[in-house]
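Lettering follows sequence order; numbering is per chain, from 1.
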There are 2 protein chains.
Amino acid sequence: MGVKERKLRQKEEVRCQILDAAWQIVKEEGWQSLSMRKIADRIEYTSPIIYGHFENKEALLQEFTRKGFVKLCEMIRAAYQAHIDNAPARLEAMWMAYWNFAFANRESYQLMYGVEMGCCTIKNGIPESEECAEMINSTIQEIIASGKHPDADPCLKYFTCWSVVHGLISINITRNPEALHQSDDDSPNLNELILKDAIAGIVSQMLN
Amino acid sequence: MGVKERKLRQKEEVRCQILDAAWQIVKEEGWQSLSMRKIADRIEYTSPIIYGHFENKEALLQEFTRKGFVKLCEMIRAAYQAHIDNAPARLEAMWMAYWNFAFANRESYQLMYGVEMGCCTIKNGIPESEECAEMINSTIQEIIASGKHPDADPCLKYFTCWSVVHGLISINITRNPEALHQSDDDSPNLNELILKDAIAGIVSQMLN
DNA sequence: TTAAATTACTTAACACCGTTAGGCAAAATT
DNA sequence: AATTTTGCCTAACGGTGTTAAGTAATTTAA
């Protein structure tokens, strides 16, 4: 009598179809033109059924935001663990991971930080988001502790780092899709150089 | 037979009413909830008459963007002229002007750089916008020329500065209205310190 | 002064949007 | 086999930007 299980499975499958269709539309036309009716069209249902799976459109978007932070968190965690013995290098690696995530997942980043989402908020209910902030903040604290300004505010340094990186990403992500960010050849692109320079500057301000 | 003149004057007055009503709504409810019908309600007309003054909603918003850049340009120009003899100080003053504009004209800034406007684009059809970029870029070139890295790219330095400032503003403008940006007492707030630090860092990278 | 032409404005509609209520038919349970 | 539950759709509400058609007032011309 696995009828309940089957129905649950079917419902879960429709949920996936909704997310897949939504993601497809976003990739093709952008977040701006994503609508419940368009999603329903693609999965050959009518729009009200979506409300059986997501409370409203915002909740649906929130699901993508959540997924984005999970992925971002993975990448930052990898960078964290790869430089566990060197705090300045770790900080740079984590922000580079952030940078790479933004360009490998443009649409996600735009939803996570761009349009209306409260940007750079430490508390936003998504645990992975807080874990990202925690890893970066602890590294900053480590750098500050080993430097000549132990009274520096790590939170403000975090904001400063974030503003450089996010600002640079903002420049590149909305406008020229491939103008400045061309990693075609082996040489790192100019933006990455700027980024590393800026972070190195902040680190040096913490140390000296 | 000044009937034509009178009609022109009347039409111009309605145009002003439209802009005033729109601005009032924005200040009360934000850009998100500004609609043509709401504007029409306030000026006691119906929505189609707005299209006699503005081609569409985007054109109306564009008018506010333009006005914003005019004001921003004034402030940056004043800073430019106040430090005509000292390029590093001039650069800092111009970015501080930018910073102050953003917080004195939150709604304008949000429209100019925030929501969907292509951020930091050098060419966007608004002459004042280009003048701002020109003043900053020429100052950066002056600094670079007097430094030890004459081959540095001024455009990229401009982007770096802009990303720091815009990033910091983004943090503060969307979230806590008065949390970090409290200039109540005489002491400059912490964000301004960060800002000056960051710009000083970039300048020092150009010089040394 | 009266008829024609222009202008100013409104009403109604189109095509969207997010969201909800009600109904119908198929499926599952009793 | 009758009843309950479920899944899904149709229709609608109130909102959006925008356009076309029509009406009433004003200005111009005869």
Quiz prompt | Nucleotide of dC17(C), dG17(D), dT20(C) approaching Tyr51(B) most closely (side-chain heavy atoms) | solution = dG17(D)
Quiz item: Are Ser108(A) and Phe69(A) close enough that some pair of their side-chain heavy atoms sits under 4.5 Å apart?
Solution: no
Self-check item: Side-chain ion pair, Lys157(B) and Glu142(B), N-O less than 4.0 Å
Solution: no
Quiz prompt | Salt-bridge criterion met for Arg66(A) and Glu63(A) (N-O under 4.0 Å) | solution = yes
Quiz item: Ile50(B) has an atom CD1; how far is it from atom P of dT16(D), in whole Å?
Solution: 11 Å
Quiz item: Are Lys7(A) and Glu12(A) close enough for a salt bridge, meaning some N to O gap below 4.0 Å?
Solution: no
Quiz prompt | Protein-to-nucleotide contact annotation, 5' to 3' order, nucleotides 9-15 of chain C [B base; S sugar-phosphate only; - none; under 4.0 Å, heavy atom] | solution = SBB-B--
Quiz prompt | Whole-Å gap separating C1' (dG18(C)) and CE (Met36(A)) | solution = 7 Å
Output a table of donor-acceptor pairs, distance under 3.5 Å, between side-chain atoms of residues 43-61 of chain A and any protein atom two or more places apart or on a different chain; print 'none' if there are none.
{"residue": "His53(A)", "atom": "ND1", "partner": "Ile49(A)", "partner atom": "O", "Å": "3.2"}
{"residue": "His53(A)", "atom": "NE2", "partner": "Lys11(A)", "partner atom": "O", "Å": "3.4"}
{"residue": "Asn56(A)", "atom": "OD1", "partner": "Glu58(A)", "partner atom": "N", "Å": "3.3"}
{"residue": "Asn56(A)", "atom": "OD1", "partner": "Ala59(A)", "partner atom": "N", "Å": "2.9"}
{"residue": "Lys57(A)", "atom": "NZ", "partner": "Leu34(A)", "partner atom": "O", "Å": "2.7"}

Practice problem: Under the ring-ring contact (aromatic ring centres under 6.0 Å, His included) rule, collect the residues that match up with Tyr80(A), sequence neighbours excluded. | Solution: none
Self-check item: Between dT16(D) (P) and Gln32(B) (CD): distance, integer Å
Solution: 13 Å
Quiz item: Atom CG of Asp41(A) and atom P of dC9(D): how far apart are they, to the nearest Å?
Solution: 11 Å
Practice problem: Check for a donor-acceptor pair, side chain of Trp95(A) on one end and backbone N or O of Ile199(A) on the other, with a separation under 3.5 Å. | Solution: no
Quiz item: Looking at Ile39(A) and Ala22(A), what are the two nearest heavy atoms and their distance?
Solution: CD1-CB, 3.8 Å
Quiz item: Counting just side-chain N and O atoms, does Arg6(A) come under 4.0 Å of either OP1 or OP2 of dA27(C)?
Solution: no
Exercise. Write down the distance between CD1 (Ile39(A)) and P (dC17(C)), rounded to a whole number of angstrom.
Key: 10 Å
Quiz item: Expressed in angstrom and rounded to an integer, what is the separation of Leu34(A) atom CG from dC17(C) atom C1'?
Solution: 12 Å
Practice problem: Kindly say whether the aromatic ring centers of Tyr109(A) and Tyr98(A) come within a distance under 6.0 Å. | Solution: yes
Exercise. Measure the distance from CD on Glu55(B) to C1' on dT19(D) and round it to the nearest whole Å.
Key: 13 Å
Quiz item: For the helix from dT1(C)-dA30(D) to dT30(C)-dA1(D), what angle lies between the axis at the first five pairs and the axis at the last five pairs, to 10 degrees?
Solution: 30°
Exercise. Go through the structure and list residues passing salt bridge (charged side-chain N to carboxylate O under 4.0 Å, His left out) with Lys38(A), not counting sequence neighbours.
Key: Glu29(A)
Quiz item: Which whole-number value in Å describes the distance from Lys57(B) NZ to dT16(D) C1'?
Solution: 8 Å
Exercise. Report the relative orientation of the aromatic rings in Phe64(A) and Trp23(A); use parallel for angles under 30°, tilted for 30 to 60°, perpendicular for over 60°.
Key: parallel
Quiz prompt | Proximity to DNA chain C (any heavy atom under 4.0 Å), residues of residues 15-24 of chain B only | solution = none
